[in-house]
Amino acid sequence: MNYWLFKTEPDECSIDDFANAPDTPIVWEGVRNYQARNFLRDDVAVGDEVFIYHSSCKDIGIAGIARVVRAAYPDPSQFNPCSIYFDPKSSPDNPRWVAVDLVYASKLVQLIRLDKLKSLANLTELPLVRKGNRLSVMPVTCAQWQTILALC
DNA sequence: GCCAACGTTGGC
DNA sequence: GCCAACGTTGGC
(Lines give C-alpha, C1' and ligand atoms only; values in the text may rest on other atoms or scores of the structure.)
Protein backbone atom coordinates (compact mmCIF):
# COMPACT_ATOMS: atom_id res chain seq x y z
CA MET A 1 0.00 0.00 0.00
CA ASN A 2 1.17 3.49 -0.82
CA TYR A 3 0.59 6.95 0.58
CA TRP A 4 -0.11 10.12 -1.39
CA LEU A 5 -0.84 13.79 -1.11
CA PHE A 6 -3.39 15.33 -3.48
CA LYS A 7 -3.81 19.08 -3.77
CA THR A 8 -7.19 20.67 -4.20
CA GLU A 9 -8.65 24.13 -4.05
CA PRO A 10 -11.33 23.86 -1.37
CA ASP A 11 -13.66 26.06 -3.43
CA GLU A 12 -13.57 23.24 -5.95
CA CYS A 13 -13.46 20.19 -3.69
CA SER A 14 -12.72 20.29 0.02
CA ILE A 15 -12.46 17.76 2.81
CA ASP A 16 -15.94 18.85 3.86
CA ASP A 17 -17.30 17.72 0.52
CA PHE A 18 -15.93 14.28 1.38
CA ALA A 19 -17.21 14.40 4.95
CA ASN A 20 -20.68 15.46 3.84
CA ALA A 21 -20.99 12.38 1.62
CA PRO A 22 -18.91 9.75 3.41
CA ASP A 23 -20.26 6.84 1.38
CA THR A 24 -20.09 8.46 -2.03
CA PRO A 25 -16.95 8.09 -4.12
CA ILE A 26 -15.57 11.39 -5.35
CA VAL A 27 -14.12 11.42 -8.85
CA TRP A 28 -10.64 12.91 -8.73
CA GLU A 29 -10.62 14.47 -12.17
CA GLY A 30 -8.90 17.38 -13.82
CA VAL A 31 -5.27 16.43 -13.25
CA ARG A 32 -3.54 17.99 -16.26
CA ASN A 33 0.12 17.57 -15.51
CA TYR A 34 2.05 14.66 -16.93
CA GLN A 35 4.12 13.83 -13.88
CA ALA A 36 1.03 13.84 -11.68
CA ARG A 37 -0.87 11.86 -14.33
CA ASN A 38 1.83 9.21 -14.38
CA PHE A 39 1.58 8.73 -10.63
CA LEU A 40 -2.19 8.40 -10.90
CA ARG A 41 -2.04 6.04 -13.83
CA ASP A 42 0.84 3.83 -12.77
CA ASP A 43 1.09 3.82 -9.01
CA VAL A 44 -2.10 4.88 -7.26
CA ALA A 45 -3.92 1.69 -6.22
CA VAL A 46 -7.12 0.72 -4.48
CA GLY A 47 -6.60 0.90 -0.73
CA ASP A 48 -3.95 3.61 -0.85
CA GLU A 49 -4.37 6.47 1.58
CA VAL A 50 -4.31 10.09 0.54
CA PHE A 51 -3.75 13.34 2.39
CA ILE A 52 -6.19 15.95 1.11
CA TYR A 53 -4.33 19.26 0.91
CA HIS A 54 -6.07 22.60 0.56
CA SER A 55 -4.25 25.07 -1.68
CA SER A 56 -4.87 28.60 -2.93
CA CYS A 57 -7.10 29.48 -0.03
CA LYS A 58 -7.12 31.08 3.40
CA ASP A 59 -6.18 28.01 5.43
CA ILE A 60 -3.47 26.26 3.47
CA GLY A 61 -2.49 22.78 4.60
CA ILE A 62 -3.47 19.16 5.07
CA ALA A 63 -7.14 18.91 6.00
CA GLY A 64 -7.92 15.21 6.04
CA ILE A 65 -7.49 11.73 4.67
CA ALA A 66 -9.25 9.84 1.88
CA ARG A 67 -8.93 6.32 0.54
CA VAL A 68 -8.61 5.15 -3.06
CA VAL A 69 -11.58 2.99 -4.10
CA ARG A 70 -11.02 2.88 -7.84
CA ALA A 71 -7.71 2.91 -9.67
CA ALA A 72 -7.00 4.91 -12.82
CA TYR A 73 -9.53 5.08 -15.64
CA PRO A 74 -10.01 7.64 -18.41
CA ASP A 75 -10.94 11.02 -16.93
CA PRO A 76 -14.45 11.69 -18.30
CA SER A 77 -14.01 15.47 -18.11
CA GLN A 78 -11.41 15.48 -20.87
CA PHE A 79 -14.15 14.54 -23.39
CA ASN A 80 -16.75 16.97 -22.11
CA PRO A 81 -16.73 20.24 -24.09
CA CYS A 82 -18.65 21.92 -21.28
CA SER A 83 -15.98 21.07 -18.70
CA ILE A 84 -13.17 23.42 -17.80
CA TYR A 85 -11.00 20.30 -18.05
CA PHE A 86 -11.99 19.57 -21.65
CA ASP A 87 -9.01 18.59 -23.78
CA PRO A 88 -9.73 18.67 -27.51
CA LYS A 89 -6.46 16.87 -28.20
CA SER A 90 -7.55 13.80 -26.26
CA SER A 91 -9.69 11.07 -27.79
CA PRO A 92 -11.64 8.16 -26.28
CA ASP A 93 -9.52 5.57 -28.08
CA ASN A 94 -6.35 7.22 -26.83
CA PRO A 95 -7.18 9.05 -23.60
CA ARG A 96 -4.54 11.40 -22.35
CA TRP A 97 -5.74 11.92 -18.77
CA VAL A 98 -6.93 9.63 -16.00
CA ALA A 99 -9.06 9.93 -12.90
CA VAL A 100 -9.30 7.88 -9.72
CA ASP A 101 -12.13 7.60 -7.19
CA LEU A 102 -11.71 8.46 -3.52
CA VAL A 103 -13.90 8.11 -0.46
CA TYR A 104 -13.78 9.95 2.81
CA ALA A 105 -11.63 8.47 5.55
CA SER A 106 -11.24 11.18 8.17
CA LYS A 107 -10.96 14.87 8.79
CA LEU A 108 -8.02 16.03 10.86
CA VAL A 109 -8.99 17.53 14.20
CA GLN A 110 -7.16 20.60 13.06
CA LEU A 111 -5.62 21.46 9.75
CA ILE A 112 -1.87 21.02 9.54
CA ARG A 113 -0.62 24.25 8.10
CA LEU A 114 1.92 24.49 5.32
CA ASP A 115 4.33 26.52 7.44
CA LYS A 116 4.21 23.78 10.08
CA LEU A 117 5.06 21.17 7.46
CA LYS A 118 7.89 23.35 6.20
CA SER A 119 9.36 23.60 9.68
CA LEU A 120 9.96 19.88 10.12
CA ALA A 121 13.37 18.44 9.30
CA ASN A 122 11.79 15.04 8.59
CA LEU A 123 9.77 16.47 5.74
CA THR A 124 12.37 18.35 3.74
CA GLU A 125 12.23 15.69 1.02
CA LEU A 126 8.46 15.96 0.65
CA PRO A 127 7.87 17.57 -2.75
CA LEU A 128 5.17 19.79 -1.26
CA VAL A 129 7.65 21.83 0.77
CA ARG A 130 10.31 22.03 -1.90
CA LYS A 131 10.89 25.37 -3.56
CA GLY A 132 8.89 25.93 -6.69
CA ASN A 133 7.02 22.67 -6.42
CA ARG A 134 3.81 22.49 -8.44
CA LEU A 135 3.03 18.79 -8.37
CA SER A 136 -0.62 18.18 -7.51
CA VAL A 137 -0.30 14.42 -6.97
CA MET A 138 2.78 13.33 -5.05
CA PRO A 139 3.99 10.25 -3.21
CA VAL A 140 4.40 10.38 0.55
CA THR A 141 6.80 7.90 2.14
CA CYS A 142 5.70 5.82 5.07
CA ALA A 143 8.05 7.75 7.34
CA GLN A 144 6.68 11.07 6.11
CA TRP A 145 3.13 9.84 6.59
CA GLN A 146 3.88 8.85 10.17
CA THR A 147 5.62 12.14 10.85
CA ILE A 148 2.60 14.08 9.65
CA LEU A 149 0.09 11.89 11.50
CA ALA A 150 2.06 12.43 14.70
CA LEU A 151 1.26 16.14 14.46
CA CYS A 152 -2.44 15.52 14.90
C1' DG B 1 -3.44 40.93 -7.26
C1' DC B 2 1.52 40.07 -7.64
C1' DC B 3 5.03 37.42 -9.26
C1' DA B 4 8.54 33.53 -8.93
C1' DA B 5 8.95 29.20 -10.56
C1' DC B 6 7.85 25.82 -13.43
C1' DG B 7 5.52 23.33 -17.48
C1' DT B 8 4.08 23.43 -22.29
C1' DT B 9 4.02 24.86 -26.99
C1' DG B 10 5.68 25.56 -31.36
C1' DG B 11 8.88 27.74 -34.72
C1' DC B 12 13.20 26.93 -36.42
C1' DG C 1 16.21 18.99 -30.18
C1' DC C 2 16.74 23.82 -28.75
C1' DC C 3 14.77 27.56 -26.58
C1' DA C 4 11.86 31.84 -26.47
C1' DA C 5 7.36 32.91 -25.50
C1' DC C 6 3.53 31.98 -23.22
C1' DG C 7 0.39 29.85 -19.69
C1' DT C 8 -0.38 28.05 -15.06
C1' DT C 9 0.32 27.21 -10.21
C1' DG C 10 0.06 28.65 -5.80
C1' DG C 11 2.09 31.11 -1.76
C1' DC C 12 2.27 35.57 -0.17
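Convention: sequence-line order gives letters A, B, ...; per-chain numbering from 1.
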Kindly say if [X] contacts the phosphate of [N], meaning a side-chain N or O under 4.0 Å from OP1 or OP2.
| X | N | result |
| --- | --- | --- |
| Lys7(A) | dT9(C) | no |
| Lys118(A) | dC12(C) | yes |
| Lys131(A) | dA5(B) | yes |
| Tyr53(A) | dG11(C) | yes |

| message | Heavy atoms from C-beta onward define the side chain here; which of dG11(C), dT9(B), dT8(B) lies closest to that of Lys89(A)? | response |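 For the Lys89(A) side chain, the nearest candidate turns out to be dT9(B).
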| said: As a test of reading the structure: which of dG7(B), dG10(C), dG11(C) is closest to the side chain of Asn33(A), going by heavy atoms? | reply: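 Between dG7(B), dG10(C), dG11(C), the one nearest the side chain of Asn33(A) would be dG7(B).
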Value in whole Å for how far the [atom2] atom of [N] lies from [atom1] of [X]:
| X | N | atom1 | atom2 | result |
| --- | --- | --- | --- | --- |
| Asp115(A) | dG11(C) | CG | C1' | 11 Å |
| Asp87(A) | dG7(B) | CG | C1' | 15 Å |
| Asp59(A) | dG11(C) | CG | C1' | 14 Å |
| Arg37(A) | dT9(C) | CZ | C1' | 19 Å |
| Asn133(A) | dA4(B) | CG | P | 18 Å |
| Leu128(A) | dT9(C) | CG | P | 16 Å |
| Leu135(A) | dT9(C) | CG | C1' | 12 Å |
| Arg96(A) | dT9(B) | CZ | P | 7 Å |

| query | Which one of Ile112(A), Leu5(A), Ile15(A) satisfies the side-chain contact (heavy atoms from CB on, under 4.5 Å) criterion with Tyr53(A)? | reply |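 Answer after filtering Ile112(A), Leu5(A), Ile15(A): Leu5(A).
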| request: Determine whether the aromatic ring centres of Tyr34(A) and Trp97(A) lie less than 6.0 Å apart. | output: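 Between Trp97(A) and Tyr34(A), which both carry aromatic rings, the centre distance is below 6.0 Å.
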| message | Tell me whether Glu12(A) at atom CD has more than 12 heavy atoms from other residues, nucleotides or ligands lying less than 6.0 Å away. | response |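 Counting other residues, nucleotides and ligands, CD of Glu12(A) stays at 12 neighbours or fewer.
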| query | Quick one: do Arg32(A) and Asp75(A) make a salt bridge, cutoff under 4.0 Å? | reply |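 Salt bridge: yes.
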| query | Rounded to the nearest 0.5 Å, how far apart are CG of Asn122(A) and CD of Gln146(A)? | reply |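 Answer for the CG-CD pair, Asn122(A) versus Gln146(A), is 11.5 Å.
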